[in-house]
There are 2 protein chains.
Amino acid sequence: MSTSPKKHDVFQAIADPTRREILKLLAGRELAVTEIAERFPMSRTAVSKHLLILDEAGLVQSRKTGREKRYTLQAEPLSELEQWLSYFEQFWQNKMSMLKHLAERKEN
Amino acid sequence: MSTSPKKHDVFQAIADPTRREILKLLAGRELAVTEIAERFPMSRTAVSKHLLILDEAGLVQSRKTGREKRYTLQAEPLSELEQWLSYFEQFWQNKMSMLKHLAERKEN
DNA sequence: TGAATATGAAACCGATTGGTTGTATAAAGT
DNA sequence: ACTTTATACAACCAATCGGTTTCATATTCA
């Protein structure tokens, strides 16, 4: 299998506010499906679907431990977004945030 | 009216590849609807709808000149995206700050 | 072993999305 | 004046989205 065409890309994945919340939740820790679903006013199944979409976009990783499936953040694919964004920074109205961003980046 | 709840936010607006292309097209120049639509394999009406969504997200500005409606990029709302992204940068660029982040939320 | 728990999978549903065609209207060109 | 051009608006359509409920299947606990 070469480059299998992903059904969901990063841009689509983060378009949904619930999925963005899930990503923040998973930032720095590993959580099981139920633990994640507890935080949302929707069914576990719905959350599970969101996790699947995030997985397709490569934004989460999962690992089975016993009967649980535990998810972790995989932030790296967000670099695609960052790269896309960087093109537009020169068109910013707010020069300050642009300069700040540039300065922060200098340390790399 | 205070802050009118926008029907489309930035995250949704950039989720579609056509709209992302339109934004690139408008980077640094002003184009009329027809001029934009020429570049895409779809009807002018379809492109017009994409422009409306981009407008709702504040990502383009329009100005009527004669019978034309000319659009320009308004990149500033992308700062919301940048801000959102900046939270996650530590999870793929810099392992040290990632470890720091992990330590900070240990008590949960 | 039997009950409780964690998850997945399938069928379904209403709303939204991304596109179309057709019609209307205003502005410009001849 | 008439035609062409630029655009908007409305109706329509199939596919996808975000959610639900129901059922099946492992795994763990008592």
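Proteins come first, then strands; the chains are lettered A, B, ... in the order of their sequence lines, and each starts at number 1. All values reported here derive from a predicted model rather than from experimental measurement.
What you find for A:Leu25 and A:Arg39 is that their closest heavy atoms are CD2-NE, 3.7 Å. When all heavy atoms of B:Ala15 and A:Ala15 are compared, the pair lying nearest together is CB-CB, 3.8 Å. Here the closest heavy-atom approach between residue A:Tyr71 and residue A:Leu26 is recorded as O-CD2, 3.4 Å. Of all heavy-atom pairs between A:Ala75 and B:Phe88, the closest is CB-O, 4.0 Å. Minimum interatomic distance between B:Val33 and B:Ser48 (heavy atoms only, all atoms of both residues): CG1-OG, 4.3 Å.
In terms of modelled atom types and a separation under 3.5 Å, the side chain of A:Arg63 and the main chain of A:Arg70 share no donor-acceptor contact. Without hydrogens or angle criteria, B:Ser86 side chain to B:Gln83 main chain gives a donor-acceptor distance under 3.5 Å. When atom types are taken as modelled, the side chain of B:Ser79 and the backbone of B:Glu82 share no donor-acceptor pair closer than 3.5 angstrom.
Taking atom CD of A:Glu38 as the reference point, atom C1' of C:dT7 lies 14 Å away to the nearest angstrom. Atom pair B:Glu56:CD and C:dT16:P shows a separation of 13 Å (rounding to whole Å applied). One can place CG of B:Asp55 at 15 Å from C1' of D:dT7, the figure rounded to the nearest angstrom. Look at CD1 on A:Ile53: it is 13 Å from P on D:dT16, rounded to the nearest Å. Going from atom CG of B:Leu54 over to atom P of C:dG18 covers 11 Å, rounded to whole Å. Rounded to whole angstrom, the span from the CG atom of B:Asp9 across to the P atom of C:dT16 amounts to 14 Å. Between the C1' atom of D:dT20 and the CZ atom of A:Phe40 lies a distance of 18 Å, rounded to the nearest Å. Whole-Å rounding puts the A:Met42 CE to D:dT21 C1' distance at 16 Å.
Using a 4.0 Å heavy-atom cutoff across all strands shown, B:Glu35 reaches no nucleic acid atom at all. Residue contacts for B:Thr34: at a heavy-atom cut-off of 4.0 Å it reaches the sugar-phosphate backbone alone, with no base atom in range. Residue A:Arg19 is classed as a sugar-phosphate contact, given heavy-atom separations below 4.0 Å to backbone atoms only.
Phosphate contact (OP1/OP2 of C:dT17, side-chain N/O of B:His8, threshold under 4.0 Å): present. Taking side-chain N and O atoms only, A:Gln12 has no distance below 4.0 Å to OP1 or OP2 of D:dT16. Close to C:dG19, at under 4.0 Å from its OP1 or OP2, lies a side-chain N or O of B:His50. Within the 4.0 Å cut-off from OP1 or OP2 of C:dG19, not a single side-chain nitrogen or oxygen of B:Ser43 is found.
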Pairs under 3.5 Å (N/O, protein and nucleotides 8-11 of chain C):
| from | atom 1 | to | atom 2 | distance (Å) |
| --- | --- | --- | --- | --- |
| C:dG8 | OP1 | A:Lys69 | NZ | 3.0 |
| C:dG8 | OP2 | A:Ser48 | OG | 2.8 |
| C:dG8 | N7 | A:Arg44 | NH1 | 3.4 |
| C:dG8 | O6 | A:Arg44 | NH2 | 3.4 |

Atom pairs, N/O to N/O, protein against nucleotides 25-30 of chain D, distance under 3.5 Å?
| from | atom 1 | to | atom 2 | distance (Å) |
| --- | --- | --- | --- | --- |
| D:dT27 | O2 | A:Arg67 | NH1 | 3.4 |

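Following chains of ILVMFWY side-chain contacts shorter than 4.5 Å, one can reach B:Ile22 starting from A:Tyr87, so the two form part of one hydrophobic cluster.
Residues A:Val60 and A:Thr72 fail the side-chain proximity criterion, which asks for heavy atoms closer than 4.5 Å.
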